[in-house]
Structures are given as C-alpha cells and as structure tokens.
**Student:** 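Mind looking over this structure? Questions follow.
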2 protein chains.
Amino acid sequence: MNSHIRRSMPLFPIGIVMQLTDLSARQIRYYEEHGLVSPARTEGNRRLFSFNDVDRLLEIKDLIEQGVNLAGIKQIFAARQQQHTETTPSVAPKVMKQDLSEEELRKLLRAELMEAGRFNRASLRQGDIARFFH
Amino acid sequence: MNSHIRRSMPLFPIGIVMQLTDLSARQIRYYEEHGLVSPARTEGNRRLFSFNDVDRLLEIKDLIEQGVNLAGIKQIFAARQQQHTETTPSVAPKVMKQDLSEEELRKLLRAELMEAGRFNRASLRQGDIARFFH
DNA sequence: AAAAATATGTGATGAAATATAACATATCAT
DNA sequence: ATGATATGTTATATTTCATCACATATTTTT
C-alpha cells in the first residue's frame, strides 16, 4: 500500500488550497507557524500542499468551527499520533521511508502512472491519473 | 457518478504538471496552442490543469514517443471522441452539465469533501480528500 | 477593568513562477 | 534545398506568493 505516497505528494500551491478549504492564506500560514500543518516547499520557497495537508486543514477548520482553539487542536493531533504509534505493530523499525525528496516522490508517482496507464493508453481509451488517487 | 467533476477540477499550475509529465512548459503550451489540451485559467490568466488534463498530456507524450505527430494525435483524439458519442446512449440530451465555472466546481467538491469527511473527522481519524479521487 | 494572549485582517515590499512573443534550430517530409 | 513541425532559448510583463509589521477583535488572565 503506497497510497500514502500519493497522498503525501506535494502538489498544490496555496491559492488552490485556499479555494479548497475556504481558509485565508493568513490562516493557513498561521496554522503552519504553529505546527498544525507542514507543507513542503519548492526550491523557490513556495508552499506546496499534499492531499494529506489539505485534509488536515479541513479538519482544523472543522475543529475551529466547533470552538476548539489551536492549542486544543494540537493536543488532539498529538493524541491521535500517539495512539497510532501505540496501536501500530512496529515490526520493522528499519529505515522508515518518508525521507524521500519531493523530486523522488514525483518520479515514483509518474512511474506508477505510466506503468498503469499503458493498458488504457495503449488501447486509446481515456487515461487515468485521477483513478490512482483512490 | 460525479467523479468526472473531481477529475476535471482545475488544480495544478504548470510547474507541477511539468514534473508530473516530464514535459517542458514550451511543449505543454504548444500542445494547448494546437488544441490537444485546454487547461483552465485563473483570474490572472495562469493555466490550471485538472487530472484529466494531466492524463491527456501523458497520453500525448506516449504517442509522441511512439512517433505520432501532433496531427495524428489530434485525429486519434477526435476518433475517440466520436466513438464515444456514437456508443453513448444519449438518453437525456438535456442540459449536459460541463458548463460549471471553476469556482462552482471547487465549491461542489468542497461540499462533497466536507460531507463525506464528517464520518472520519468526527471520530478523529485521519481525513480523506485523496480517497475521493478514486 | 486592565493587561495579555489568541486569531485573523491588511498593506508594503520583494522574489518566484508563469504568460506571451520573438527568434533560433533541429528534424522530417516534399 | 525548401518548407513545415516541434522544441529550445531569451526577453519582458504580470501574477502569485513569501515575509514582516501593524491593526484589531475576542478571549483569557491577573
């Protein structure tokens, strides 16, 4: 299961994320400043958000609308994270992936897409990037 | 099935598409100039590509690598389009959607996401934008 | 109540990403 | 050899985004 690669691939500039989440740039940056999201950066220092990042922002927005303040949200995320590490059968504490450069991530995805695409593409049917973000 | 909405939502700036497809900006713009892709535009006239657009570009790249020239690709796409309309049981030739503004598209998606997210988000599990791009 | 902290808006300034256009060039077909 | 195709390269303008500083409304704390 490498869906987590697809989901953590930096894809969206802040402008799109604003529209997707209905949050202001100020808010998004502020949340980042407080460690609630950690978007990647381009070489030129522009933020690039992944699906996971956008997800996270939607959760933050939700919680804020329910009156939770940033400190609270931080705790909630921390708790979830902890529960995760507890629950997770840490079988192979080897070299957890995760430390792939954005470049590598994209190459990986592209490889996947190309490969998978051959079927449809060869037979001239419509291609399918989107399908792979299940 | 409104996956086509998700797939046709303008999301990516050209820089990301370049990395996703390994095409140069020049190439991408040239293909657009010849009607092989039609990315949306921001208010400020910047191109915004959808999953479908990226898919299309990957197909174009594939065909070009196989020696097909742009005229050929155009024909191939046209043929596919025609076959589609032939095959398609055009039951309801009513007001085919498709003519939604980008704004509306995003609002729709956001609505979907928010709604669907409530389940997981409420129980504090990880959200799920990516899942909706199946 | 006054002061401090939180969360966000707004504006200035600079840099990065992208747009268009023009010209160069390599490859291919005629 | 000539012309068309496809792409690279460079110049210039515009848009989008980054950071920072200051303003402000709301809570929280003292």
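Labels below follow one simple rule: chain letters A, B, ... track the order of the sequence lines, proteins then strands, and each chain is numbered from 1.
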**Student:** How far apart are the closest heavy atoms of B/Phe77 and B/Glu59, and which atoms are they?
**Tutor:**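 That would be CE2-OE1, 4.3 Å.
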**Student:** When you measure from the side chain of A/Asp55 to the backbone N and O of A/Asn52, does any donor-acceptor pair fall under 3.5 Å?
**Tutor:**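 Side chain of A/Asp55 to backbone of A/Asn52: no pair is present.
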**Student:** Between atom CG of A/Asp22 and atom CD of A/Gln27, what is the distance when rounded to the nearest 0.5 Å?
**Tutor:** 9.5 Å
**Student:** Distance check needed: D/dC17 P versus A/Tyr30 OH, whole Å only.
**Tutor:**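 Rounded to whole Å, this separation is 22 Å.
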**Student:** Is any side-chain heavy atom of A/Tyr31 closer than 4.5 Å to a side-chain heavy atom of A/Arg56?
**Tutor:** no
**Student:** To the nearest Å, give me how far apart NZ (A/Lys61) and C1' (C/dT8) are.
**Tutor:** 15 Å
**Student:** Do the side chains of B/Met9 and B/Ile5 get nearer than 4.5 Å, heavy atoms only?
**Tutor:** no
**Student:** Would you call the rings of B/Phe12 and A/Phe12 parallel, tilted or perpendicular if under 30° counts as parallel and over 60° as perpendicular?
**Tutor:** parallel
**Student:** Please determine whether a side-chain nitrogen or oxygen atom of A/Tyr31 lies at a distance below 4.0 Å from atom OP1 or OP2 of C/dT8.
**Tutor:**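 True: A/Tyr31 side-chain N/O within range (under 4.0 Å) of C/dT8 OP1/OP2.
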**Student:** Verify side chain to side chain contact (heavy atoms under 4.5 Å, CB included) between A/Ile28 and A/Ile14, making sure each step is shown before the conclusion.
**Tutor:** CA-CA 8 Å; A/Ile28 296 172; A/Ile14 201 171; 4.1 Å; yes
**Student:** By nearest heavy atom, map A/Ala25 and B/Ser24 onto DNA chain D; which one lands nearer the 5' end?
**Tutor:** B/Ser24
**Student:** Using a 4.0 Å heavy-atom cut-off across all strands, classify A/Arg29 as base, sugar-phosphate, or nothing.
**Tutor:**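 Base, at least one base heavy atom under 4.0 Å.
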**Student:** Restricting both atoms to N or O, compile the protein contacts to nucleotides 25-30 of chain D shorter than 3.5 Å, with distance only.
**Tutor:**
none

**Student:** In the structure I gave you, are the side-chain heavy atoms of B/Leu48 and A/Ile16 within less than 4.5 Å of one another anywhere?
**Tutor:**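 B/Leu48 vs A/Ile16: side chains touch.
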**Student:** Could you tell me how far apart A/Ile28 (CD1) and C/dA7 (P) are, to the nearest whole angstrom?
**Tutor:** 16 Å
**Student:** Please say which of B/Thr21, B/Leu36, B/Leu23, B/Ile76 ends up in a side-chain contact (heavy atoms from CB on, under 4.5 Å) with B/Ile60.
**Tutor:** B/Leu36
**Student:** Which heavy atom of B/His4 sits nearest to which heavy atom of B/Ser8, and what is that distance?
**Tutor:** O-OG, 2.7 Å
**Student:** To the nearest Å, give me how far apart NZ (B/Lys74) and C1' (D/dT5) are.
**Tutor:**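 Between C1' of D/dT5 and NZ of B/Lys74: 12 Å.
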**Student:** Sort me out a list of protein N/O and nucleotides 23-29 of chain C N/O pairs below 3.5 Å, or just none if empty.
**Tutor:**
none

**Student:** If we only count heavy atoms from C-beta on, is the B/Glu32 to B/Pro39 side-chain gap below 4.5 Å?
**Tutor:**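 A side-chain contact under 4.5 Å exists here.
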**Student:** How many whole angstroms separate atom CD of A/Glu32 from atom P of C/dT8?
**Tutor:** 15 Å
**Student:** To the nearest Å, how far apart are B/Glu65 CD and D/dA6 P?
**Tutor:**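 Roughly 15 Å, once rounded to whole Å.
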**Student:** Is the shortest side-chain N/O distance from B/Arg47 to OP1 or OP2 of D/dT16 below 4.0 Å?
**Tutor:**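 For D/dT16, neither OP1 nor OP2 has a side-chain N or O of B/Arg47 closer than 4.0 Å.
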**Student:** What integer distance in Å separates A/Met18:CE from D/dT16:P?
**Tutor:** 11 Å
**Student:** Rounding to an integer number of Å, can you tell me how far B/Phe12 CZ sits from C/dT18 C1'?
**Tutor:** 17 Å
**Student:** Could I get a table of every N or O pair under 3.5 Å where one atom is in the protein and the other is in nucleotides 12-17 of chain C?
**Tutor:**
{"from": "C/dA16", "atom 1": "N3", "to": "A/Arg46", "atom 2": "NH2", "distance (Å)": "3.4"}
{"from": "C/dA17", "atom 1": "OP1", "to": "A/Thr42", "atom 2": "OG1", "distance (Å)": "3.2"}
{"from": "C/dA17", "atom 1": "O4'", "to": "A/Arg46", "atom 2": "NH1", "distance (Å)": "3.2"}
{"from": "C/dA17", "atom 1": "N3", "to": "B/Arg46", "atom 2": "NH2", "distance (Å)": "2.6"}

**Student:** Would you mind telling me which of A/Glu43, A/Arg41, A/Arg47 makes a side-chain hydrogen bond (donor to acceptor under 3.5 Å, both in side chains) with A/Asn45?
**Tutor:** A/Arg41
